[in-house]
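Report on one structure; see the data block that follows.
Here is the naming used below: chain letters follow the sequence lines, and residue numbers restart at 1 for every chain.
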Amino acid sequence: MTTVSMTVNGKAVSADVEDRTLLVDYIREHLRLTGTHVGCDTSQCGACVVHVDGKAMKACTMLAVTADGADVTTIEGVANGDLHPMQKAFNDNHGLQCGFCTPGMIMSGIDMVNRYKADGKTLDETAIRHELEGNICRCTGYHNIVKSIQQAAGEM
Amino acid sequence: MHNTKYHKAGSAADAASLLSGADDGTVLAGGQTLIPTMKARLAAPSDLVDVSCASDMRGISVSGNTVTIGAAMTHAEVAGSSEVRAICPAICDLASNIGDPAVRNRGTLGGSVANNDPAADYPAAMLALGATIKTNTRDIAADDFFTGMFDTALDEGEIITSVSFTAPSKGAYAKFPNPASRYAMCGVFVASTDAGVRVAVTGAGSDGVFRAGDMEAALGSDFSASALDGATVDAGDMLSDLHGDGVYRANLVKVMAKRAVTAAG
(Lines give C-alpha, C1' and ligand atoms only; values in the text may rest on other atoms or scores of the structure.)
Protein backbone atom coordinates (compact mmCIF):
# COMPACT_ATOMS: atom_id res chain seq x y z
CA MET A 1 0.00 0.00 0.00
CA THR A 2 1.10 3.50 -0.80
CA THR A 3 -0.36 6.80 0.30
CA VAL A 4 -1.40 8.95 -2.63
CA SER A 5 -2.44 12.57 -2.45
CA MET A 6 -3.76 14.61 -5.28
CA THR A 7 -6.22 17.37 -6.12
CA VAL A 8 -9.40 16.15 -7.77
CA ASN A 9 -11.83 18.77 -9.06
CA GLY A 10 -10.18 21.36 -6.87
CA LYS A 11 -10.40 19.33 -3.67
CA ALA A 12 -7.39 17.78 -1.90
CA VAL A 13 -7.81 14.02 -1.50
CA SER A 14 -5.60 11.32 -0.06
CA ALA A 15 -5.83 7.57 0.48
CA ASP A 16 -3.83 4.40 0.98
CA VAL A 17 -4.08 2.33 -2.18
CA GLU A 18 -2.51 -0.80 -3.57
CA ASP A 19 0.25 0.09 -6.01
CA ARG A 20 -1.63 -1.70 -8.80
CA THR A 21 -4.73 0.48 -8.37
CA LEU A 22 -5.59 2.19 -11.63
CA LEU A 23 -6.33 5.90 -11.49
CA VAL A 24 -9.84 5.22 -12.77
CA ASP A 25 -10.49 2.72 -9.96
CA TYR A 26 -9.24 5.22 -7.41
CA ILE A 27 -11.57 7.86 -8.85
CA ARG A 28 -14.59 5.55 -9.03
CA GLU A 29 -14.18 3.22 -6.05
CA HIS A 30 -12.42 5.41 -3.50
CA LEU A 31 -13.71 8.86 -4.38
CA ARG A 32 -17.08 7.57 -5.60
CA LEU A 33 -16.90 9.84 -8.62
CA THR A 34 -18.60 7.44 -11.00
CA GLY A 35 -18.97 9.80 -13.94
CA THR A 36 -15.64 8.56 -15.29
CA HIS A 37 -16.50 5.29 -17.04
CA VAL A 38 -14.69 2.07 -17.92
CA GLY A 39 -15.85 0.85 -21.31
CA CYS A 40 -13.13 -1.64 -22.22
CA ASP A 41 -10.12 -3.34 -20.72
CA THR A 42 -7.78 -2.68 -23.62
CA SER A 43 -7.21 1.09 -23.32
CA GLN A 44 -9.01 1.75 -26.59
CA CYS A 45 -12.43 3.22 -25.81
CA GLY A 46 -11.66 6.54 -24.09
CA ALA A 47 -14.68 6.45 -21.75
CA CYS A 48 -12.25 6.98 -18.84
CA VAL A 49 -10.55 10.13 -20.14
CA VAL A 50 -9.78 12.67 -17.40
CA HIS A 51 -7.44 15.65 -17.33
CA VAL A 52 -4.21 15.17 -15.40
CA ASP A 53 -2.34 18.46 -14.93
CA GLY A 54 -4.46 19.87 -17.74
CA LYS A 55 -3.84 17.08 -20.26
CA ALA A 56 -6.29 14.41 -21.42
CA MET A 57 -5.23 10.97 -20.27
CA LYS A 58 -6.83 7.56 -20.06
CA ALA A 59 -7.39 6.96 -16.35
CA CYS A 60 -7.52 3.21 -17.03
CA THR A 61 -3.98 3.24 -18.38
CA MET A 62 -2.32 5.01 -15.52
CA LEU A 63 -1.72 4.00 -11.93
CA ALA A 64 -3.13 6.08 -9.11
CA VAL A 65 0.36 6.22 -7.56
CA THR A 66 1.70 7.79 -10.77
CA ALA A 67 -0.81 10.62 -10.33
CA ASP A 68 0.47 11.37 -6.82
CA GLY A 69 0.70 15.15 -6.50
CA ALA A 70 -1.25 15.77 -9.70
CA ASP A 71 -4.18 18.05 -10.37
CA VAL A 72 -6.98 15.88 -11.78
CA THR A 73 -10.24 17.03 -13.35
CA THR A 74 -13.07 14.58 -13.99
CA ILE A 75 -16.42 15.10 -15.70
CA GLU A 76 -17.88 16.08 -12.30
CA GLY A 77 -15.48 19.03 -12.17
CA VAL A 78 -16.10 20.78 -15.47
CA ALA A 79 -19.42 22.51 -14.76
CA ASN A 80 -19.19 25.76 -12.88
CA GLY A 81 -22.73 26.35 -11.66
CA ASP A 82 -24.01 26.20 -15.23
CA LEU A 83 -23.12 23.40 -17.60
CA HIS A 84 -19.74 23.70 -19.28
CA PRO A 85 -20.12 24.91 -22.92
CA MET A 86 -19.05 21.44 -24.08
CA GLN A 87 -21.76 19.78 -21.95
CA LYS A 88 -24.34 22.27 -23.18
CA ALA A 89 -23.30 21.64 -26.80
CA PHE A 90 -23.78 17.88 -26.39
CA ASN A 91 -27.21 18.62 -24.95
CA ASP A 92 -28.13 21.09 -27.73
CA ASN A 93 -27.00 18.79 -30.56
CA HIS A 94 -28.14 15.49 -29.11
CA GLY A 95 -24.48 14.36 -29.14
CA LEU A 96 -25.26 11.10 -27.41
CA GLN A 97 -27.66 8.23 -27.32
CA CYS A 98 -26.96 5.81 -24.47
CA GLY A 99 -24.53 8.27 -22.87
CA PHE A 100 -21.92 5.77 -21.74
CA CYS A 101 -19.07 7.27 -23.77
CA THR A 102 -20.19 10.87 -23.14
CA PRO A 103 -17.96 11.73 -20.15
CA GLY A 104 -14.88 10.70 -22.11
CA MET A 105 -16.11 12.47 -25.23
CA ILE A 106 -16.61 15.69 -23.27
CA MET A 107 -13.22 15.49 -21.55
CA SER A 108 -11.50 14.79 -24.90
CA GLY A 109 -13.55 17.53 -26.56
CA ILE A 110 -12.53 20.14 -23.97
CA ASP A 111 -8.89 19.04 -24.28
CA MET A 112 -8.85 19.32 -28.06
CA VAL A 113 -10.52 22.75 -28.09
CA ASN A 114 -8.02 24.00 -25.49
CA ARG A 115 -5.05 22.68 -27.45
CA TYR A 116 -6.19 24.07 -30.79
CA LYS A 117 -6.94 27.45 -29.24
CA ALA A 118 -3.53 27.56 -27.57
CA ASP A 119 -1.84 26.76 -30.89
CA GLY A 120 -4.04 29.21 -32.82
CA LYS A 121 -5.24 26.41 -35.10
CA THR A 122 -8.74 25.92 -36.51
CA LEU A 123 -10.59 22.90 -35.19
CA ASP A 124 -12.61 21.92 -38.26
CA GLU A 125 -14.67 18.78 -38.80
CA THR A 126 -11.76 16.77 -40.21
CA ALA A 127 -9.56 17.72 -37.27
CA ILE A 128 -12.29 16.81 -34.75
CA ARG A 129 -12.77 13.39 -36.32
CA HIS A 130 -9.00 12.78 -36.24
CA GLU A 131 -8.78 13.98 -32.64
CA LEU A 132 -11.59 11.60 -31.63
CA GLU A 133 -9.58 8.52 -32.64
CA GLY A 134 -9.21 7.48 -29.02
CA ASN A 135 -12.90 7.74 -28.12
CA ILE A 136 -15.31 5.07 -29.24
CA CYS A 137 -19.08 5.55 -29.44
CA ARG A 138 -21.19 2.56 -30.47
CA CYS A 139 -24.50 4.40 -30.83
CA THR A 140 -24.34 7.68 -32.62
CA GLY A 141 -22.14 7.27 -35.65
CA TYR A 142 -20.24 10.29 -34.25
CA HIS A 143 -22.05 12.83 -36.41
CA ASN A 144 -23.74 14.75 -33.60
CA ILE A 145 -20.68 14.39 -31.36
CA VAL A 146 -18.64 16.20 -34.02
CA LYS A 147 -21.36 18.87 -34.33
CA SER A 148 -21.38 19.32 -30.55
CA ILE A 149 -17.63 19.81 -30.35
CA GLN A 150 -17.77 22.24 -33.28
CA GLN A 151 -20.42 24.30 -31.47
CA ALA A 152 -18.46 24.30 -28.21
CA ALA A 153 -15.25 25.25 -30.01
CA GLY A 154 -17.00 28.45 -31.08
CA GLU A 155 -18.17 29.21 -27.55
CA MET A 156 -15.20 28.29 -25.37
CA MET B 1 -3.62 -6.92 -12.66
CA HIS B 2 -1.35 -8.83 -10.32
CA ASN B 3 0.10 -6.86 -7.47
CA THR B 4 3.32 -5.01 -7.96
CA LYS B 5 5.52 -2.59 -6.09
CA TYR B 6 5.79 0.90 -7.53
CA HIS B 7 8.88 3.11 -7.35
CA LYS B 8 9.33 6.60 -8.78
CA ALA B 9 12.84 7.25 -10.07
CA GLY B 10 14.32 10.75 -9.98
CA SER B 11 17.09 9.95 -12.44
CA ALA B 12 18.34 7.17 -14.73
CA ALA B 13 20.93 6.15 -12.12
CA ASP B 14 18.23 6.03 -9.48
CA ALA B 15 16.10 3.85 -11.78
CA ALA B 16 19.01 1.48 -12.48
CA SER B 17 19.66 1.01 -8.78
CA LEU B 18 15.95 0.45 -8.03
CA LEU B 19 15.80 -2.11 -10.85
CA SER B 20 18.88 -3.98 -9.66
CA GLY B 21 17.34 -4.26 -6.20
CA ALA B 22 14.10 -5.75 -7.57
CA ASP B 23 13.25 -9.40 -7.92
CA ASP B 24 11.69 -9.18 -11.38
CA GLY B 25 11.36 -5.48 -11.97
CA THR B 26 10.69 -3.55 -15.14
CA VAL B 27 10.83 0.03 -16.30
CA LEU B 28 7.52 1.91 -16.49
CA ALA B 29 7.73 4.83 -18.91
CA GLY B 30 4.39 6.12 -20.23
CA GLY B 31 2.84 2.71 -19.62
CA GLN B 32 0.59 2.85 -22.68
CA THR B 33 1.61 -0.68 -23.62
CA LEU B 34 2.83 -2.02 -20.28
CA ILE B 35 -0.26 -1.15 -18.21
CA PRO B 36 -2.72 -2.79 -20.67
CA THR B 37 -0.39 -5.81 -20.81
CA MET B 38 -0.39 -6.02 -17.02
CA LYS B 39 -4.17 -5.57 -16.91
CA ALA B 40 -4.46 -8.59 -19.21
CA ARG B 41 -2.06 -10.45 -16.85
CA LEU B 42 0.30 -11.03 -19.75
CA ALA B 43 2.99 -9.31 -17.67
CA ALA B 44 3.37 -9.40 -13.91
CA PRO B 45 6.55 -7.60 -12.87
CA SER B 46 7.33 -7.69 -9.15
CA ASP B 47 8.37 -4.04 -9.27
CA LEU B 48 7.67 -1.07 -11.53
CA VAL B 49 10.30 1.65 -11.76
CA ASP B 50 8.61 4.77 -13.12
CA VAL B 51 11.03 6.87 -15.17
CA SER B 52 8.45 9.33 -16.52
CA CYS B 53 9.80 12.05 -14.21
CA ALA B 54 13.52 11.10 -14.29
CA SER B 55 15.04 14.55 -14.77
CA ASP B 56 17.99 13.43 -16.92
CA MET B 57 15.66 11.53 -19.26
CA ARG B 58 13.59 14.61 -20.06
CA GLY B 59 14.17 17.49 -22.46
CA ILE B 60 14.90 18.16 -26.09
CA SER B 61 18.01 19.84 -27.45
CA VAL B 62 18.95 20.87 -30.96
CA SER B 63 22.56 21.78 -31.65
CA GLY B 64 23.36 22.50 -35.29
CA ASN B 65 21.85 19.54 -37.12
CA THR B 66 21.98 17.22 -34.13
CA VAL B 67 18.71 16.50 -32.36
CA THR B 68 18.69 14.86 -28.93
CA ILE B 69 15.41 13.81 -27.36
CA GLY B 70 15.11 12.53 -23.79
CA ALA B 71 13.66 9.04 -23.52
CA ALA B 72 10.89 10.21 -21.19
CA MET B 73 9.57 12.81 -23.63
CA THR B 74 5.98 12.11 -24.61
CA HIS B 75 4.79 11.80 -28.17
CA ALA B 76 2.80 15.03 -27.72
CA GLU B 77 5.94 16.85 -26.53
CA VAL B 78 7.95 15.65 -29.54
CA ALA B 79 5.07 16.47 -31.91
CA GLY B 80 4.81 19.96 -30.43
CA SER B 81 8.51 20.85 -30.36
CA SER B 82 9.00 23.88 -32.61
CA GLU B 83 12.78 23.43 -32.32
CA VAL B 84 12.66 19.90 -33.73
CA ARG B 85 10.02 20.78 -36.28
CA ALA B 86 12.27 23.51 -37.68
CA ILE B 87 14.89 20.99 -38.81
CA CYS B 88 13.19 17.59 -38.81
CA PRO B 89 9.41 17.97 -39.28
CA ALA B 90 9.12 14.29 -40.24
CA ILE B 91 9.65 13.05 -36.70
CA CYS B 92 7.14 15.59 -35.30
CA ASP B 93 4.56 14.45 -37.86
CA LEU B 94 5.25 10.81 -36.98
CA ALA B 95 4.80 11.53 -33.26
CA SER B 96 1.57 13.43 -33.90
CA ASN B 97 -0.01 10.32 -35.44
CA ILE B 98 0.90 7.72 -32.83
CA GLY B 99 -2.16 6.25 -31.07
CA ASP B 100 -4.63 8.95 -30.04
CA PRO B 101 -4.32 12.28 -28.18
CA ALA B 102 -4.59 10.74 -24.67
CA VAL B 103 -1.99 8.09 -25.53
CA ARG B 104 0.31 10.77 -26.93
CA ASN B 105 0.07 12.69 -23.66
CA ARG B 106 1.59 9.77 -21.73
CA GLY B 107 3.40 7.44 -24.14
CA THR B 108 7.12 8.11 -24.48
CA LEU B 109 9.75 7.82 -27.17
CA GLY B 110 11.98 5.65 -24.96
CA GLY B 111 9.14 3.30 -24.11
CA SER B 112 8.24 2.83 -27.74
CA VAL B 113 11.84 2.21 -28.80
CA ALA B 114 12.54 -0.20 -25.91
CA ASN B 115 9.37 -2.20 -26.58
CA ASN B 116 10.14 -2.49 -30.32
CA ASP B 117 6.58 -3.45 -31.19
CA PRO B 118 6.70 -4.66 -34.80
CA ALA B 119 3.93 -2.17 -35.67
CA ALA B 120 5.25 0.82 -33.68
CA ASP B 121 6.20 4.01 -35.52
CA TYR B 122 9.35 5.24 -33.75
CA PRO B 123 11.56 2.22 -34.58
CA ALA B 124 11.24 3.07 -38.30
CA ALA B 125 12.31 6.66 -37.60
CA MET B 126 15.27 5.58 -35.46
CA LEU B 127 16.50 3.13 -38.10
CA ALA B 128 16.01 5.46 -41.08
CA LEU B 129 17.63 8.38 -39.29
CA GLY B 130 20.58 6.23 -38.21
CA ALA B 131 19.91 7.37 -34.65
CA THR B 132 22.09 6.61 -31.66
CA ILE B 133 20.20 5.05 -28.77
CA LYS B 134 21.85 6.24 -25.57
CA THR B 135 21.45 4.14 -22.44
CA ASN B 136 22.64 4.46 -18.86
CA THR B 137 25.72 2.42 -19.82
CA ARG B 138 26.52 2.92 -23.53
CA ASP B 139 25.60 4.25 -26.97
CA ILE B 140 24.00 1.80 -29.42
CA ALA B 141 23.59 2.44 -33.16
CA ALA B 142 19.99 1.93 -34.32
CA ASP B 143 21.32 -0.61 -36.87
CA ASP B 144 22.49 -2.78 -33.96
CA PHE B 145 19.63 -1.95 -31.58
CA PHE B 146 16.54 -3.50 -33.18
CA THR B 147 17.16 -7.24 -33.14
CA GLY B 148 13.73 -8.61 -34.08
CA MET B 149 10.10 -8.44 -33.07
CA PHE B 150 9.82 -7.09 -29.47
CA ASP B 151 13.57 -7.68 -29.16
CA THR B 152 16.39 -5.17 -28.72
CA ALA B 153 20.09 -5.09 -27.85
CA LEU B 154 19.24 -3.79 -24.36
CA ASP B 155 20.75 -5.84 -21.54
CA GLU B 156 18.83 -6.78 -18.42
CA GLY B 157 18.37 -3.62 -16.36
CA GLU B 158 19.70 -1.32 -19.09
CA ILE B 159 17.65 1.87 -19.54
CA ILE B 160 17.35 4.12 -22.60
CA THR B 161 18.07 7.68 -21.51
CA SER B 162 17.87 9.54 -24.84
CA VAL B 163 18.17 9.22 -28.59
CA SER B 164 20.09 11.47 -30.93
CA PHE B 165 20.29 11.79 -34.67
CA THR B 166 21.37 14.14 -37.42
CA ALA B 167 18.45 15.85 -39.12
CA PRO B 168 18.20 14.65 -42.72
CA SER B 169 18.10 17.13 -45.60
CA LYS B 170 14.86 15.43 -46.68
CA GLY B 171 12.72 13.05 -44.68
CA ALA B 172 9.15 11.88 -44.29
CA TYR B 173 7.10 9.07 -42.81
CA ALA B 174 4.04 7.54 -44.47
CA LYS B 175 1.81 5.15 -42.55
CA PHE B 176 -1.11 2.93 -43.48
CA PRO B 177 -2.86 2.39 -40.15
CA ASN B 178 -4.88 -0.70 -39.38
CA PRO B 179 -8.47 0.58 -39.56
CA ALA B 180 -9.31 -0.82 -36.11
CA SER B 181 -6.15 -0.71 -33.98
CA ARG B 182 -4.58 2.29 -35.75
CA TYR B 183 -1.18 0.59 -35.43
CA ALA B 184 0.84 0.63 -38.65
CA MET B 185 0.07 -2.18 -41.08
CA CYS B 186 2.94 -0.59 -42.88
CA GLY B 187 4.90 2.55 -42.11
CA VAL B 188 7.88 3.72 -44.14
CA PHE B 189 10.36 6.37 -43.02
CA VAL B 190 12.61 7.78 -45.74
CA ALA B 191 15.62 9.94 -44.87
CA SER B 192 18.08 11.51 -47.27
CA THR B 193 21.42 12.76 -45.93
CA ASP B 194 24.88 13.48 -47.32
CA ALA B 195 25.73 9.87 -46.51
CA GLY B 196 22.92 8.53 -48.71
CA VAL B 197 19.29 7.51 -48.45
CA ARG B 198 17.93 5.21 -45.73
CA VAL B 199 14.51 3.57 -45.87
CA ALA B 200 13.09 1.80 -42.84
CA VAL B 201 9.84 -0.16 -42.73
CA THR B 202 7.67 -0.95 -39.71
CA GLY B 203 4.41 -2.91 -39.39
CA ALA B 204 4.94 -5.07 -42.46
CA GLY B 205 8.00 -7.24 -41.81
CA SER B 206 7.68 -10.68 -40.25
CA ASP B 207 10.54 -9.93 -37.85
CA GLY B 208 9.91 -6.32 -36.96
CA VAL B 209 11.41 -3.14 -38.36
CA PHE B 210 13.84 -3.50 -41.26
CA ARG B 211 15.76 -1.49 -43.86
CA ALA B 212 14.80 -1.78 -47.52
CA GLY B 213 18.21 -1.98 -49.19
CA ASP B 214 16.99 -2.10 -52.80
CA MET B 215 14.89 1.00 -52.30
CA GLU B 216 17.80 2.82 -50.65
CA ALA B 217 19.98 2.09 -53.69
CA ALA B 218 17.28 3.19 -56.14
CA LEU B 219 16.60 6.43 -54.24
CA GLY B 220 20.33 7.08 -53.80
CA SER B 221 20.69 7.73 -57.51
CA ASP B 222 17.24 9.27 -58.08
CA PHE B 223 15.27 10.57 -55.10
CA SER B 224 11.82 10.36 -56.67
CA ALA B 225 8.74 8.17 -56.26
CA SER B 226 9.13 6.86 -59.81
CA ALA B 227 12.60 5.55 -58.94
CA LEU B 228 10.76 2.92 -56.86
CA ASP B 229 8.65 1.64 -59.78
CA GLY B 230 10.95 -1.30 -60.33
CA ALA B 231 11.58 -2.05 -56.65
CA THR B 232 10.45 -5.44 -55.43
CA VAL B 233 9.58 -6.43 -51.89
CA ASP B 234 9.68 -10.13 -51.00
CA ALA B 235 6.19 -11.15 -49.86
CA GLY B 236 7.75 -14.10 -48.05
CA ASP B 237 9.45 -11.69 -45.63
CA MET B 238 6.19 -9.94 -44.74
CA LEU B 239 3.74 -10.53 -41.92
CA SER B 240 0.67 -12.39 -43.06
CA ASP B 241 -2.46 -12.30 -40.91
CA LEU B 242 -6.20 -11.68 -41.07
CA HIS B 243 -5.61 -7.98 -41.71
CA GLY B 244 -3.55 -8.56 -44.85
CA ASP B 245 -1.43 -11.28 -46.39
CA GLY B 246 2.23 -11.03 -47.33
CA VAL B 247 1.56 -10.01 -50.93
CA TYR B 248 -0.75 -7.20 -49.79
CA ARG B 249 1.77 -5.93 -47.26
CA ALA B 250 4.63 -6.13 -49.77
CA ASN B 251 2.63 -3.87 -52.07
CA LEU B 252 1.85 -1.53 -49.15
CA VAL B 253 5.59 -1.14 -48.48
CA LYS B 254 6.12 0.12 -52.00
CA VAL B 255 3.08 2.42 -51.93
CA MET B 256 3.99 3.91 -48.55
CA ALA B 257 7.64 4.34 -49.59
CA LYS B 258 6.51 6.28 -52.65
CA ARG B 259 4.20 8.44 -50.57
CA ALA B 260 7.01 9.15 -48.11
CA VAL B 261 9.40 10.14 -50.92
CA THR B 262 6.76 12.44 -52.43
CA ALA B 263 6.06 14.01 -49.02
CA ALA B 264 9.79 14.50 -48.39
CA GLY B 265 9.93 16.52 -51.61
Task: Close side-chain approach of L28(B) and T66(A), heavy atoms under 4.5 Å - done: yes
Task: Contacting region of M112(A) [heavy-atom separation from chain B under 4.5 Å] - done: neither
Open item on the list: Under 4.5 Å from any heavy atom of chain B, what part of T2(A) do you find: side chain, backbone, both or neither?
Closed with: neither
Open item on the list: Around atom CZ of R85(B), are there more than 12 heavy atoms from other residues, nucleotides or ligands closer than 6.0 Å?
Closed with: yes
Task: CG (D23(B)) with more than 12 external heavy atoms under 6.0 Å - done: no
Open item on the list: Quick one, M38(B) and L63(A) - any side-chain contact, counting heavy atoms below 4.5 Å?
Closed with: no
- [ ] Would you sort out whether K58(A) and I35(B) count as a side-chain contact (heavy atoms from CB on, under 4.5 Å), showing the intermediate values?
- [x] CA-CA 11 Å; K58(A) 291 182 176 175; I35(B) 302 271; over 6 Å; no
Task: Gap separating the CG atom of N3(B) from the CZ atom of R20(A), nearest 0.5 angstrom - done: 4.0 Å
Open item on the list: Looking at every non-hydrogen atom in both residues, tell me the closest pair between Y6(B) and D19(A) and how far apart they are.
Closed with: N-OD2, 2.7 Å
Task: Q32(B) side chain to T61(A) backbone, donor-acceptor under 3.5 Å - done: yes
Open item on the list: Suppose a student defines contact as a heavy atom less than 4.5 Å from any heavy atom of chain B. Which residues in residues 125-138 of chain A would they list?
Closed with: H130(A), E131(A), E133(A), G134(A)
TODO: Heavy-atom distances under 4.5 Å only: say whether L34(B) touches chain A with side chain, backbone, both or neither.
DONE: neither
Open item on the list: Donor-acceptor pair, distance only, cut-off 3.5 Å: does the side chain of N105(B) make one with the backbone of A56(A)?
Closed with: yes
- [ ] Can you tell which part of S96(B) gets under 4.5 Å to a heavy atom of chain A, answering side chain, backbone, both or neither?
- [x] backbone
Open item on the list: Let's go through L22(A) and K39(B) carefully: what are the C-alpha distance in whole Å and the side-chain angles of both, what is the deciding distance for side-chain contact (heavy atoms from CB on, under 4.5 Å) to 0.1 Å, and is it a yes or a no?
Closed with: CA-CA 9 Å; L22(A) 296 170; K39(B) 280 160 63 175; 4.0 Å; yes
TODO: Might you confirm whether atom CG of D16(A) has over 12 heavy atoms from other residues, nucleotides or ligands at distances under 6.0 Å?
DONE: yes
